[in-house]
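Convention: sequence-line order gives letters A, B, ...; per-chain numbering from 1.
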Amino acid sequence: MTIPGRAPSLGEAAAYDKAAITQTLAQCALLKGLSDQEVAEVADLAHARAFPAQTDIFAEGEPCRALWILASGRVRLYHSAADGRQQVVSFRSPVMSLELGPALDGRAFTATATALDDVVMVIIPRATLLTIEQRFPTTVRNVIDQLCQELRQRDISTAVASLKDARGRIGCALLQLAFQYGAPSGNGLRIAYRLTRQDVADISGVTLETAIRALSDMQRQGIIRTQAQIIEIVDVDGLRGPTQCDDCQFDCSVFVPSRRNGTH
DNA sequence: TCATTAACCGTCG
DNA sequence: CGACGGTTAATGA
């Protein structure tokens with residue numbers, strides 16, 4: 001898979017024109033099957049907006065008025081608790097939609113979205129989604145496919161969260177990140193993404209110290225290697241041991257992308 | 001600010 | 001009881 005490109009500067013983002021929007025939309029799974037001409041028509045109904053790194057794009061609970069598609073940069077989707085703890089729902093990379101469900105039903109966002117880099121979003125107002133659906137019926141099927149996939153991932157996440165212990169959850173998180181951001185590196189996979197220990201903890205639903213303990217153990221066992229917040233999975237199979245992927249009974253589409261690669 | 005370690009403590013199987 | 005994991009504190013990079 002390709003690694004998300006560097007975030008453009010704000011200047012570039014400001015210059016995000018129709019051609020750039022069209023190019024983004026052309027890669028978006030929701031518009032799969034449309035001709036170039038048709039994608040360009042959709043692009044006419046969309047606009048772009050830039051967000052600097054570390055700013056919120058929208059917050060949990062706010063009404064959703066548009067479909068948000070990530071054109072460049074990375075976004076963290078998460079729930080936050082009053083005590084400062086966060087539960088990361090997912091990291092989004094180009095060209096994914098954020099919060100497709102709320103975009104469709106118009107109800108509140110279910111999570112907060114924060115830009116991790118300078119980010120460009122392509123925005124399609126909800127009012128025009130109906131037009132697009134009617135004009136291009138293929139998109140309805142695409143939306144269903146996408147929703148099903150998201151539902152699957154959430155389902156797996158909740159199962160993992162409730163059935164696995166801390167090590168299993170952390171291992172699961174690492175494998176998922178490797179799937180999303182992993183670049184081949186020697187025998188293993190390098191998660192091409194700076195992650196603090198706190199990030200790993202927030203994804204896995206454990207405390208910082210537990211995340212450190214687990215990662216240190218894995219490092220001692222030679223399963224992973226870390227340097228400057230970059231985690232490299234040296235021994236992918238070794239990670240599946242503590243993660244207990246072997247008797248994982250979920251059809252884990254998280255780790256088996258589009259093709260049929262067999263289950264893990 | 002981030003990472004690490006260690007001591008301590010409560011829960012649960 | 002003992003493993004697990006959260007809490008707290010101290011320390012170093």
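The distance between atom CD1 of Ile224(A) and atom P of dA3(B), rounded to the nearest whole Å, is 12 Å. In this structure, Ile212(A) places its CD1 atom 12 Å from C1' of dA6(B), rounding to the nearest Å. Rounding to whole angstrom units, CG of residue Leu215(A) and P of dA3(B) are separated by 10 Å. Look at CZ on Arg220(A): it is 16 Å from P on dA3(B), rounded to the nearest Å. In this structure, the CE atom of Met218(A) is 13 Å from the P atom of dT4(B), given to the nearest Å. We find that CD1 of Ile230(A) is positioned 16 Å from C1' of dA3(B), with the value rounded to whole Å. The distance between atom CD of Gln54(A) and atom C1' of dT1(B), rounded to the nearest whole Å, is 13 Å.
Relative to the six-membered ring of Phe91(A), Arg74(A) misses at least one condition, a distance below 6.0 Å or an angle of at most 45° to the axis.
The aromatic rings of Phe109(A) and Phe58(A) lie parallel to each other, with less than 30° between the two planes, well short of the 60° mark.
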Base versus backbone protein contacts along nucleotides 5-13 of chain C [heavy-atom cut-off under 4.0 Å; B, S, -]: BBBB-----
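The phosphate of dA3(B) has OP1 or OP2 within less than 4.0 Å of a side-chain N or O from Gln229(A).
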Glu232(A) vs Ile224(A), side-chain contact (heavy atoms from CB on, under 4.5 Å): CA-CA, chis, key distance, verdict: CA-CA 6 Å; Glu232(A) 180 182 345; Ile224(A) 63 171; over 6 Å; no
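When only modelled atom types and interatomic distance are considered, Ser93(A) and Gln180(A) share a side-chain donor-acceptor pair under 3.5 Å. For the residue pair His79(A) and Glu60(A), a side-chain donor N or O sits within less than 3.5 Å of a side-chain acceptor on the partner.
Annotation for Arg225(A): atom CZ does not count as buried by contact number, only 12 or fewer foreign heavy atoms lying within 6.0 Å.
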